[in-house]
Chemist: 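Just dropping this structure here.
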Protein chains: 2
Amino acid sequence: MANSKLYKGSLVTIILKLLNESDKMYGYEITQKVKELTKGELKITEGALYPALHKLEAEGLLEVEVKKVDNRLRKYYKLTEKGNKETVSKLQELQDYIKTMQVLVNPKLSLE
Amino acid sequence: MANSKLYKGSLVTIILKLLNESDKMYGYEITQKVKELTKGELKITEGALYPALHKLEAEGLLEVEVKKVDNRLRKYYKLTEKGNKETVSKLQELQDYIKTMQVLVNPKLSLE
DNA sequence: AAATATACATAATATTCTTATGCATATAGT
DNA sequence: ACTATATGCATAAGAATATTATGTATATTT
């Protein structure tokens, strides 16, 4: 997430949405998926990602399952029911934010 | 700016764009204009606004002119030439951010 | 053999915001 | 007349979220 300051606050939304699509993912996989989808424009840093995953787990939005693959550890995360609800809410928040910003930045538009 | 976490990082963009449209504005006026444009959805807090204005001025993006109106002080801010350039850049950043987020959140879209 | 990729983690620091507080004048409501 | 709200500025303490740096460990590529 080493880019424009606007990404601050978006990480949780991104994590939740990706898990919503992919059933279960592990941390490193998330960083790679974001890099791929954004063609390298957005790079999630580990120092931001791992604490965020831990926090979401602590809040009961994610549940974790540890697996050993190729003699290396992977922590697979998946959404809980609570996590599913929060995903919907976060996506709505994002749409609202985008709409609001477009109104502020494009004086021809207006909120209704 | 007592709102969704997504607004973090957007304040400077909002300030610059409003000044770009209105020639010159004072702080309180900016808070009211944002409230009006967003129909109360977004409220800029003074604790965020004033330090941001001071920083932009220190960076040479804004210049200030103090006026006394109705026996009360107003500090009018306007964009410098450097501020104009930064406005263009910040608006581009916002468009890029929105595009990137839509790709991440809507798997049917893609960046080109 | 060394560099890169995979995979996790945390600590120090920076940035940006909220909340709380302070000062001062003007106006509207009771 | 008194009080609340509006106008207008400002700063400090604290929260939230990220960057940068560092650490551990195994696997693969050059």
Side-chain angles (χ1 to χ4, degrees), chain A residues 1-16 24-36 40 42-59 61-62 64-77 90 93-94 97 100-101, chain B residues 1-16 24-36 40 42-59 61-62 64-77 90 93-94 97 100-101:
Chain A
M1 211 153 256
N3 289 282
S4 122
K5 290 162 187 172
L6 295 171
Y7 290 101
K8 229 176 242 262
S10 312
L11 180 56
V12 167
T13 306
I14 293 171
I15 293 172
L16 293 179
K24 69 180 199 295
M25 295 181 86
Y26 55 100
Y28 186 75
E29 188 184 7
I30 293 176
T31 67
Q32 298 309 299
K33 185 72 177 174
V34 168
K35 208 195 288 181
E36 174 205 329
L42 184 54
K43 282 167 190 157
I44 292 184
T45 61
E46 298 159 299
L49 178 65
Y50 291 116
L53 288 172
H54 300 161
K55 194 183 173 210
L56 290 172
E57 189 195 350
E59 290 168 350
L61 304 181
L62 302 184
V64 71
E65 186 194 351
V66 180
K67 279 194 181 174
K68 202 152 197 174
V69 180
D70 291 334
N71 202 35
R72 258 179 314 209
L73 208 69
R74 282 185 189 171
K75 292 178 87 170
Y76 279 95
Y77 290 92
K90 283 289 181 188
E93 236 179 50
L94 177 61
Y97 166 75
T100 297
M101 286 304 290
Chain B
M1 203 150 261
N3 292 282
S4 123
K5 290 164 187 172
L6 295 171
Y7 289 101
K8 230 174 241 254
S10 313
L11 180 56
V12 167
T13 306
I14 293 171
I15 293 171
L16 294 179
K24 70 181 199 294
M25 295 181 86
Y26 55 100
Y28 186 76
E29 188 183 9
I30 293 176
T31 68
Q32 299 308 299
K33 185 71 177 176
V34 168
K35 206 197 288 180
E36 175 205 330
L42 183 56
K43 282 166 190 157
I44 292 184
T45 61
E46 297 158 302
L49 178 64
Y50 291 115
L53 288 172
H54 299 161
K55 195 183 173 211
L56 290 171
E57 189 194 350
E59 290 167 349
L61 303 181
L62 303 184
V64 71
E65 185 193 353
V66 181
K67 278 194 182 175
K68 203 154 195 172
V69 180
D70 292 334
N71 202 34
R72 258 178 313 207
L73 206 71
R74 283 184 188 171
K75 291 178 86 170
Y76 280 95
Y77 291 93
K90 285 287 181 188
E93 239 177 46
L94 177 61
Y97 166 77
T100 298
M101 286 304 290

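Predicted model only: the values in this text are computed from it and were never measured.
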Chemist: For B:Tyr28 and A:Leu49, find the nucleotide of DNA chain D closest to each by heavy atoms; which residue's nucleotide sits nearer the 5' end?
Modeler: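 Looking at the nearest nucleotide for each, B:Tyr28 comes out on the 5' side.
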Chemist: Less than 4.0 angstrom between a side-chain N/O of B:Lys5 and OP1 or OP2 of D:dT17, yes or no?
Modeler: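 Looking at the OP1 and OP2 atoms of D:dT17, one of them is under 4.0 Å from a side-chain N or O of B:Lys5.
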Chemist: Is the phosphate of C:dT25 approached by B:Lys68 (side-chain N or O, under 4.0 Å from OP1 or OP2)?
Modeler: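 The answer is no; no side-chain N or O of B:Lys68 sits under 4.0 Å from OP1 or OP2.
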Chemist: Write down the atom of B:Leu56, the atom of B:Val12, and the distance for their closest heavy-atom approach.
Modeler: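 Smallest heavy-atom distance, with atoms named: CD2-CG1, 4.0 Å.
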Chemist: Which heavy atom of B:Val66 sits nearest a heavy atom of B:Lys75, and at what distance?
Modeler: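 Residues B:Val66 and B:Lys75, closest heavy atoms: CG2-CG, 4.0 Å.
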Chemist: From the set C:dA9, C:dA7, C:dT15, return the single nucleotide nearest to any side-chain atom of A:Tyr77.
Modeler: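 Ranking C:dA9, C:dA7, C:dT15 by closest atom to the A:Tyr77 side chain puts C:dA9 first.
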Chemist: Let me know the distance between CD1 of B:Ile30 and C1' of D:dT7, rounded to the nearest Å.
Modeler: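 Those two atoms, CD1 and C1', are 15 Å apart.
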Chemist: Shortest non-hydrogen contact from B:Pro51 to B:Glu46?
Modeler: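 B:Pro51 and B:Glu46 have their closest heavy atoms at CD-O, 3.7 Å.
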Chemist: Does a side-chain N or O from B:Arg74 land closer than 4.0 Å to OP1 or OP2 of D:dG8, or not?
Modeler: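 Answer yes for this pair, as a side-chain N or O of B:Arg74 is under 4.0 Å from OP1 or OP2.
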Chemist: A:Arg72 or A:Ser10: which one's nearest nucleotide on DNA chain D is closer to the 5' end?
Modeler: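 Mapping each residue to its closest nucleotide by heavy atoms, the 5'-most match is A:Ser10.
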Chemist: Do any side-chain nitrogens or oxygens of A:Tyr7 fall under 4.0 Å of OP1 or OP2 in D:dA18?
Modeler: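 Answer is no, no contact under 4.0 Å.
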Chemist: Would you indicate what A:Gly47 reaches in the nucleic acid, counting non-hydrogen atoms under 4.0 angstrom: base, sugar-phosphate, or nothing?
Modeler: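 Base contact.
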Chemist: Nearest heavy-atom pair of A:Tyr28 and A:Tyr50: which atoms, and what distance?
Modeler: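 The pair with the smallest heavy-atom distance is N-OH, 3.9 Å.
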Chemist: When you measure from the side-chain N and O atoms of B:Lys67 to the phosphate of D:dG8, is any distance below 4.0 Å, counting only OP1 and OP2?
Modeler: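 It does not, given that no N or O in the side chain of B:Lys67 lies less than 4.0 Å from OP1 or OP2 of D:dG8.
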Chemist: Is A:Asn71 close enough to D:dA25 that one of its side-chain N or O atoms is under 4.0 Å from OP1 or OP2 there?
Modeler: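 Indeed not, no polar side-chain atom of A:Asn71 lies that close.
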Chemist: How many Å lie between CD1 on A:Ile15 and C1' on D:dA18, as a whole number?
Modeler: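 My rounded result for the distance is 12 Å.
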Chemist: Just the rounded figure in Å: distance from P of C:dT16 to CG of A:Leu11.
Modeler: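 A:Leu11 atom CG is separated from C:dT16 atom P by 18 Å.
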Chemist: Does a side-chain N or O of B:Tyr26 approach OP1 or OP2 of D:dC9 to a distance below 4.0 Å, or not?
Modeler: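 Result: no.
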Chemist: Between B:Leu53 and B:Gly27, what is the shortest heavy-atom contact and its length?
Modeler: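 So the two residues come closest at CD1-CA, 4.1 Å.
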Chemist: CG of B:Leu6 versus P of D:dT17: gap in Å, rounded?
Modeler: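 Interatomic distance, CG of B:Leu6 to P of D:dT17: 10 Å.
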Chemist: From D:dT17, C:dC17, C:dT6, pick the nucleotide closest to the side chain of A:Lys55?
Modeler: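 For the A:Lys55 side chain, the nearest candidate turns out to be D:dT17.
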Chemist: Could you tell me how far apart A:Met25 (CE) and C:dC8 (P) are, to the nearest whole angstrom?
Modeler: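 That distance rounds to 11 Å.
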Chemist: Would you tell me if any nitrogen or oxygen in the side chain of B:His54 comes within less than 4.0 Å of OP1 or OP2 on D:dT11?
Modeler: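 So the side chain of B:His54 is within the cut-off, an N or O lying under 4.0 Å from OP1 or OP2 of D:dT11.
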Chemist: Looking at OH of A:Tyr7 and OG1 of A:Thr13, how far apart are the two atoms once the value is rounded to the nearest 0.5 Å?
Modeler: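 Going from the OH atom of A:Tyr7 to the OG1 atom of A:Thr13 covers 13.0 Å.
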Chemist: Between B:Glu46 (CD) and D:dT7 (C1'), how many Å, whole number?
Modeler: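 Spelled out: CD on B:Glu46 to C1' on D:dT7 is 10 Å.
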Chemist: What is the distance, to the nearest angstrom, from the CD atom on A:Gln32 to the P atom on C:dC8?
Modeler: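 Rounded to whole Å, this separation is 11 Å.
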Chemist: Respond yes when some side-chain nitrogen or oxygen of B:Tyr50 is under 4.0 Å from OP1 or OP2 of D:dC9, and no when none is.
Modeler: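 Yes, because at least one side-chain N or O of B:Tyr50 sits under 4.0 Å from OP1 or OP2 of D:dC9.
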Chemist: Of all the nucleotides listed (C:dC17, D:dT20, D:dA10), which has the minimum atom distance to the side chain of A:Thr45?
Modeler: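 So the nucleotide nearest the side chain must be D:dT20.
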Chemist: Rounded to the nearest Å, what distance is computed from the CD1 atom of residue B:Ile44 to the P atom of nucleotide D:dT7?
Modeler: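 Answer to the nearest Å: 15 Å.
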Chemist: Between the base of D:dT17 and the side chain of B:Lys8, is there a donor-acceptor distance below 3.5 Å?
Modeler: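 It does not, because no donor-acceptor pair links the side chain of B:Lys8 to the base of D:dT17 below 3.5 Å.
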